[in-house]
Number of protein chains: 2
Amino acid sequence: MVDNNIKEFDDELSEKKLKILEAAIKVFSEKGFDGSRTSEIAKEANVAEGTIFKYFKTKKDILLSLLLPLTLKFIKPLTMKSAEDILNKGKDEPVDEVLKRLLYDRLHLVKKNMPLVKTVVIESLYHEELLVPIKEKLAPQVLELLDGYVNYHKEKGDFKDYDTRFITRTIMSMLLGYVVLSSAFPEFFSMGDDENEIERIVDVLLNGIKNGGV
Amino acid sequence: MVDNNIKEFDDELSEKKLKILEAAIKVFSEKGFDGSRTSEIAKEANVAEGTIFKYFKTKKDILLSLLLPLTLKFIKPLTMKSAEDILNKGKDEPVDEVLKRLLYDRLHLVKKNMPLVKTVVIESLYHEELLVPIKEKLAPQVLELLDGYVNYHKEKGDFKDYDTRFITRTIMSMLLGYVVLSSAFPEFFSMGDDENEIERIVDVLLNGIKNGGV
DNA sequence: ATATTAAGTGAGTGAATACTCACTCTGGGA
DNA sequence: TCCCAGAGTGAGTATTCACTCACTTAATAT
């Protein structure tokens with residue numbers, strides 16, 4: 001199924017189409033979908049406006065096409081590299097090490113693709129066509145992987161006996177909160193480099209902020 | 001200063017203007033600012049389209065006007081009711097009780113005003129005119145209050161010796177993550193009623209998910 | 001009653017913009 | 001060299017939409 005996507009990706013992706021997609025990501029992320037003009041995307045892509053409509057039936061078509069690169073970039077590395085880290089190598093390593101590596105990895109993936117992520121996340125709030133595939137394809141894969149890891153360590157007794165999905169959500173919350181708050185309000189919330197931040201985040205996630213109950 | 005706002009609020013707010021603002025919040029939150037039509041806002045408010053422009057110079061003026069109700073709703077109750085809870089009554093109560101009350105209170109404030117919050121948060125990503133007052137007025141007040149509480153308990157030895165702002169951010173992260181994830185993906189992340197969720201969230205915040213290091 | 005003012009209206013306007021289409025260019029096959 | 005297919009173009013078009021303004025209605029004062 002993933003291979004299918006890649007094939008589709010390679011097949012359809014001429015030089016120009018790729019440039020249009022990249023330009024669209026840039027413009028959409030700066031102005032929002034409805035605030036973006038196809039003329040600006042064309043200029044940004046060094047292409048005539050008409051060319052856009054040779055590749056995409058409508059403006060909304062461009063937006064929907066962003067799902068493919070998003071899925072490719074996030075699902076593939078997740079199931080490949082990080083799944084490997086977590087589920088294989090990670091099984092015998094301490095949880096804090098593995099969680100730190102995982103969060104750091106995801107953090108950088110998000111930061112590297114911020115405009116794409118920002119656009120898809122925000123526009124999916126207004127266009128169901130975007131949200132549906134996310135809920136049906138992307139989310140389940142991510143959740144299955146994380147839930148699996150959490151369950152493994154719950155059963156091993158490493159984690160407390162909270163609901164699995166609750167723990168999964170908490171892990172995601174902490175990363176989400178960091179990304180959102182530190183990039184929206186860098187002057188208030190960006191205190192160190194990502195590596196140190198992640199380290200502290202995982203510490204708190206595992207042990208809390210309360211001074212030892214001993 | 002707060003009183004100033006209220007006076008301004010009361011003075012300017014005729015019946016019609018209020019109806020237009022409420023309609024705008026609804027339409028903006030459903031379609032986004034650039035996706036919204038003044039004609040639809042007018043219809044939603046049971047008002048002629050021209051009337052909108054008697055009260056607001058431009059469409060963007062409507063958006064900027066949303067800052068006032070937002071600030072009033074969030075700053076005033078925060079500094080009043082919750083500040084009282086936290087700083088006075090809360091000083092001698094256990095931190096978990098106070099945090100639970102605080103988060104529960106804020107959660108419901110956000111949920112009750114979701115369309116307004118959603119609109120302001122998202123549109124501030126695209127319109128600096130919105131973000132600037134948030135950063136200069138709203139954020140500092142919220143942070144001062146929370147930082148104060150955190151500092152108090154850090155000094156008392158209740159909290160570990162993390163950077164104050166880091167703890168503050170973590171508290172906000174956990175609430176933000178819960179609100180965002182459970183409302184964007186209710187089928188994946190809504191597991192219980194808010195009260196129970198908050199309770200677990202504060203537990204994890206204080207003690208972490210790791211099984212006792214004892 | 002009448003005048004005065006303010007509040008509200010909605011048809012009209014001009015600018016903007018997503019999309020079309022008749023055309024041009026280019027590279028490779030005969 | 002000539003031809004052709006199809007990639008690319010950009011001026012043109014039809015529509016949409018924020019905003020205006022000449023007018024109506026309602027309320028209050030005189």
Side-chain angles (χ1 to χ4, degrees), chain A residues 8-67 119-120 122-124 126-130, chain B residues 8-67 119-120 122-124 126-130:
Chain A
E8 198 187 332
F9 207 57
D10 277 346
D11 277 0
E12 285 190 33
L13 228 61
S14 70
E15 171 87 14
K16 298 261 167 184
K17 188 170 182 180
L18 180 65
K19 269 176 36 176
I20 292 170
L21 272 181
E22 285 171 346
I25 290 173
K26 175 154 191 261
V27 177
F28 286 166
S29 75
E30 282 166 7
K31 315 250 173 122
F33 176 75
D34 285 310
S36 300
R37 308 287 144 231
T38 50
S39 57
E40 196 181 345
I41 296 173
K43 196 190 283 177
E44 183 73 38
N46 281 319
V47 140
E49 203 172 345
T51 308
I52 290 181
F53 295 96
K54 276 270 147 63
Y55 288 103
F56 302 94
K57 241 172 69 70
T58 62
K59 184 182 155 191
K60 181 167 264 184
D61 235 42
I62 310 176
L63 181 63
L64 295 177
S65 300
L66 296 185
L67 274 177
T119 300
V120 174
I122 290 177
E123 298 306 332
S124 70
Y126 303 120
H127 309 273
E128 278 234 345
E129 310 93 302
L130 275 179
Chain B
E8 199 187 333
F9 206 57
D10 276 345
D11 277 0
E12 284 191 34
L13 226 62
S14 70
E15 172 87 13
K16 298 260 166 184
K17 188 169 183 183
L18 179 65
K19 269 175 36 175
I20 292 170
L21 271 181
E22 286 171 344
I25 290 172
K26 177 157 190 258
V27 177
F28 286 166
S29 75
E30 282 165 8
K31 316 250 172 122
F33 176 75
D34 285 311
S36 300
R37 307 289 145 231
T38 50
S39 57
E40 196 182 344
I41 296 173
K43 198 191 282 178
E44 182 74 36
N46 281 319
V47 142
E49 202 171 347
T51 307
I52 290 180
F53 295 95
K54 276 273 148 62
Y55 289 103
F56 302 94
K57 242 171 67 73
T58 63
K59 184 183 158 192
K60 183 168 262 185
D61 235 42
I62 310 177
L63 181 63
L64 296 177
S65 301
L66 295 186
L67 274 177
T119 299
V120 173
I122 290 178
E123 297 307 330
S124 70
Y126 303 119
H127 310 272
E128 278 233 346
E129 308 95 302
L130 275 180

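Nothing here was measured: the structure is a model prediction, and the numbers come from that model. Naming: A, B, ... by sequence-line order, numbering from 1 per chain.
When rounded to the nearest whole Å, the span between CD of B:E49 and P of D:dT16 equals 14 Å. In this structure, CD1 of B:I62 is placed 9 Å from P of D:dA18, rounded to the nearest angstrom. In this structure, B:I20 places its CD1 atom 14 Å from P of D:dC19, rounding to the nearest Å. A straight line from NZ of A:K17 to C1' of D:dG8 spans 16 Å, rounded to a whole angstrom. One can place CG of B:D61 at 13 Å from C1' of D:dC19, the figure rounded to the nearest angstrom. Protein atom NZ of A:K16 is 18 Å distant from nucleotide atom P of D:dG6, rounded to whole Å. Distance NZ (B:K31) to C1' (D:dC17): 14 Å, rounded to an integer number of Å. Computed from coordinates, the B:F53 CZ to D:dC19 P distance equals 5 Å when rounded to whole Å.
Note that CG of A:D34 is 9.0 Å distant from CG of A:L63, once rounded to the nearest 0.5 Å. Atom-to-atom distance recorded for A:L66:CG and A:S29:OG is 10.0 Å, nearest 0.5 angstrom. A:S36 OG to A:K59 NZ: the interatomic distance, rounded to the nearest 0.5 Å, is 6.0 Å. Between atom OG1 of residue A:T38 and atom CZ of residue A:F53 there is a gap of 4.5 Å, rounded to the nearest 0.5 Å.
Ionic pairing of B:E44 and B:K19 is not present here: no N-O contact between side-chain nitrogen and carboxylate oxygen is shorter than 4.0 angstrom.
With distances taken from any side-chain atom of A:T51 to the nucleotides D:dG8, D:dA18, D:dC19, the minimum falls on D:dG8.
Boundaries of the chain A contact region on DNA chain C are C:dT17 to C:dT20, first to last in 5' to 3' order (nucleotide atom under 4.0 Å from a heavy atom).
Residue A:S39 is the one, among A:S39 and A:K54, whose nearest nucleotide of DNA chain C lies closer to the 5' end (criterion: closest heavy atom).
Each of A:I25, A:I52, A:V27 was scored for a side chain to side chain contact (heavy atoms under 4.5 Å, CB included) with A:I62, with one residue passing: A:I52.
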